[in-house]
Amino acid sequence: MKLFEYQVKKILGKFGVNVPQGEVFLTLDQARNFIERMGEGVVKAQVLTGGRGKAGGVKLFTTPAEGISLAQNIFNMTIKGEKVKAILIEEKIPIEQELYLSLFVDGRIKKPVLIASQAGGVDIEEVLEEQILKLPIDPLIGLRNYHANITAQKLGLAGDLAEQLTALLKKMYEIFQAYEAELLEINPLVVSRGKLIAADGKMTVDDDARFRWPSDLPFNEEKTLLEKRAEEIGVSYVELDGDIAVMANGAGITMATLDLIAYFGGRPKNFMDAGGGANAEQMAKALDLLLSTNPKAILINIFGGITRCDEVAKAYLTVKNEREISVPVVIRLVGTNEEIGVSMLKEAGVESFSSLREAVIKAVELSRVGRDN
Ligand code: GDP
Ligand code: MN
């Protein structure tokens with residue numbers, strides 16, 4: 001789960017990291033007084049997606065009137081599909097230097113890694129490899145002074161600033177552990193009047209550790225409306241941006257189906273792992289959900305193991321009899337009781353495939369027809 005900047009800064013502040021003074025607002029009216037009192041400052045869109053600054057979601061103001069108009073503009077923004085629902089108004093920090101600092105879990109080496117660079121304020125992906133320090137940290141040893149010393153050297157910080165950096169890194173590591181973070185990023189970390197200040201903050205925490213998250217960790221809903229509906233039905237669902245709706249039974253087979261669709265030049269509209277649920281009621285709900293997304297075609301890919309093909313056929317036919325399905329549906333059915341299932345479908349005039357390849361090609365073809373119309 002990702003945290004909003006204002007939530008990260010609250011945590012940073014609690015652990016003693018310097019953050020700009022500021023407040024978060026949900027409406028322009030609530031922000032007005034604060035902006036008038038500040039006179040000048042920064043307005044920042046609060047969104048979970050990256051690249052906000054570039055998209056115009058961070059603006060400096062030098063008069064209250066300018067601040068209010070900028071705040072209004074930013075409230076009306078949608079950044080990479082995410083509607084701005086909150087803004088953070090902060091004091092303006094005079095910037096002498098912008099640095100980059102982060103901790104993240106590197107799954108390949110199974111360790112936290114400390115990343116630092118003098119090139120702060122830009123995406124780390126755009127920084128040259130040789131300008132980046134990557135220090136793996138042994139979790140049994142933790143973050144020590146020598147890590148901080150190496151980092152200070154790379155960042156060109158000496159004396160009091162180097163000491164501040166040491167203290168900051170230890171706090172970051174403490175937060176990283178306490179919240180089971182996957183990422184904690186400060187970009188830019190600003191040098192301002194002899195102080196290190198976190199001008200921005202990003203943090204991602206491990207959803208699987210939710211049962212033991214610290215109690216002050218907020219919960220941010222990242223699921224779309226459709227994804228929430230799917231959760232209620234009990235199927236795993238992820239929205240994609242293609243036009244072929246997919247239903248399969250099992251995460252692996254679903255992924256393979258999506259890959260094949262892409263391979264044959266089609267675009268999947270979703271990931272849906274309907275699990276072993278062959279019962280008519282659940283299948284009806286899952287199909288309704290797919291139909292509500294207005295796909296060009298629906299591809300159902302069932303490999304019957306415990307799930308029996310005749311049950312699947314029965315479920316599909318029940319649904320088909322109950323409602324108007326105006327979208328072409330391609331069914332691939334193999335496994336337990338395959339012959340019974342296939343002949344049930346055939347009797348009802350529904351063609352099914354045993355080859356996934358053929359089924360996918362058919363679905364892609366049908367989605368094309370729909371597209372040209
Ligand atoms: P991001 O683009 O979404 O990562 O947004 P940031 O919070 O990192 O802000 C982008 C840039 O805006 C920073 O790199 C700074 O150059 C500038 N900026 C942000 N806050 C301040 C501030 O308080 N004072 C000044 N002068 N510049 C700021
Ligand atoms: Mn940033």
Side-chain angles (χ1 to χ4, degrees), residues 107-108 207-208 222-224 226-227 229-231 233-280 282-317 319-320 325 327-342 344-346 350-371:
R108 284 167 307 174
D207 296 53
D208 289 331
E222 290 170 291
K223 289 198 168 86
T224 64
L226 276 171
E227 286 165 359
R229 260 182 67 201
E231 191 173 38
I233 303 171
V235 300
S236 313
Y237 182 90
V238 181
E239 228 177 307
L240 303 171
D241 59 4
D243 44 26
I244 302 175
V246 176
M247 182 196 298
N249 64 333
I253 194 175
T254 311
M255 293 299 286
T257 310
L258 302 188
D259 283 350
L260 265 184
I261 289 175
Y263 180 78
F264 285 112
R267 294 167 66 236
K269 199 167 174 51
N270 66 277
F271 169 102
M272 180 191 272
D273 168 12
N279 82 63
Q282 175 152 4
M283 183 154 184
K285 285 182 185 160
L287 255 178
D288 276 340
L289 188 121
L290 292 184
L291 286 167
S292 76
T293 67
N294 283 323
K296 297 271 156 59
I298 296 180
L299 174 60
I300 301 178
N301 181 17
I302 304 293
F303 191 97
I306 299 167
T307 310
R308 286 160 38 202
C309 291
D310 54 325
E311 288 289 334
V312 174
K314 198 171 113 193
Y316 177 70
L317 293 174
V319 175
K320 191 174 176 291
I325 300 179
V327 179
V329 179
V330 178
I331 304 179
R332 184 256 184 163
L333 202 56
V334 292
T336 310
N337 286 359
E338 178 178 332
E339 298 78 10
I340 309 175
V342 169
M344 280 168 70
L345 289 175
K346 208 170 184 173
V350 179
E351 188 191 5
S352 65
F353 294 81
S354 61
S355 153
L356 176 56
R357 187 190 158 90
E358 280 168 33
V360 169
I361 290 172
K362 180 80 182 173
V364 171
E365 198 183 295
L366 289 166
S367 76
R368 288 243 170 82
V369 173
R371 227 187 277 167

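When reading the values below, keep in mind they use all heavy atoms of this one structure, side chains included, and skip hydrogens, waters and symmetry mates. Every value quoted in this text rests on a predicted model; they were computed, and no experiment measured them.
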(message) Using the rule given for side chain to side chain contact (heavy atoms under 4.5 Å, CB included), can you reason through Leu226 versus Ser292, listing the C-alpha separation, both sets of side-chain angles and the distance that settles it, and then say yes or no?
(response) CA-CA 9 Å; Leu226 276 171; Ser292 76; 4.0 Å; yes
At what distance, to the nearest 0.5 angstrom, does [atom1] of [X] lie from [atom2] of [Y]?
X      : Y      : atom1 : atom2 : result
Glu222 : Asp207 : CD    : CG    : 6.5 Å
Leu287 : Met247 : CG    : CE    : 4.0 Å
Glu338 : Thr336 : CD    : OG1   : 9.5 Å
Arg267 : Asp241 : CZ    : CG    : 5.0 Å
Arg332 : Ser354 : CZ    : OG    : 7.5 Å
Phe303 : Thr257 : CZ    : OG1   : 12.0 Å

[Y] backbone acceptor or donor facing [X] side chain under 3.5 Å:
X      : Y      : value
Asp273 : Gly250 : yes
Asn301 : Thr254 : no
Thr293 : Leu290 : yes

(message) Please identify which of these residues, Ile298, Leu258, Val330, Ile261, meets the side chain to side chain contact (heavy atoms under 4.5 Å, CB included) condition with Ile244.
(response)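 Going through the options one by one, the only one that passes is Ile261.
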(message) Among Asn337, Ile331, Leu333, which residue satisfies the side chain to side chain contact (heavy atoms under 4.5 Å, CB included) criterion with Val312?
(response)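 Among Asn337, Ile331, Leu333, the one that satisfies the side chain to side chain contact (heavy atoms under 4.5 Å, CB included) with Val312 is Leu333.
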Identify the two heavy atoms, one from [X] and one from [Y], that lie closest to each other, and give their separation to 0.1 Å.
X      : Y      : answer
Arg368 : Phe264 : NH2-O, 4.1 Å
Ala363 : Ala297 : O-CB, 3.9 Å
Pro328 : Leu366 : CB-CD1, 3.8 Å
Met344 : Leu317 : O-CD1, 3.7 Å
Tyr237 : Ala230 : CB-CB, 3.2 Å
Glu227 : Lys223 : OE1-CA, 3.4 Å

(message) What verdict does the side chain to side chain contact (heavy atoms under 4.5 Å, CB included) test give for Tyr316 and Val329, after you've listed the backbone C-alpha separation in whole Å, the side-chain angles of each residue and the deciding distance to 0.1 Å?
(response) CA-CA 10 Å; Tyr316 177 70; Val329 179; 3.5 Å; yes
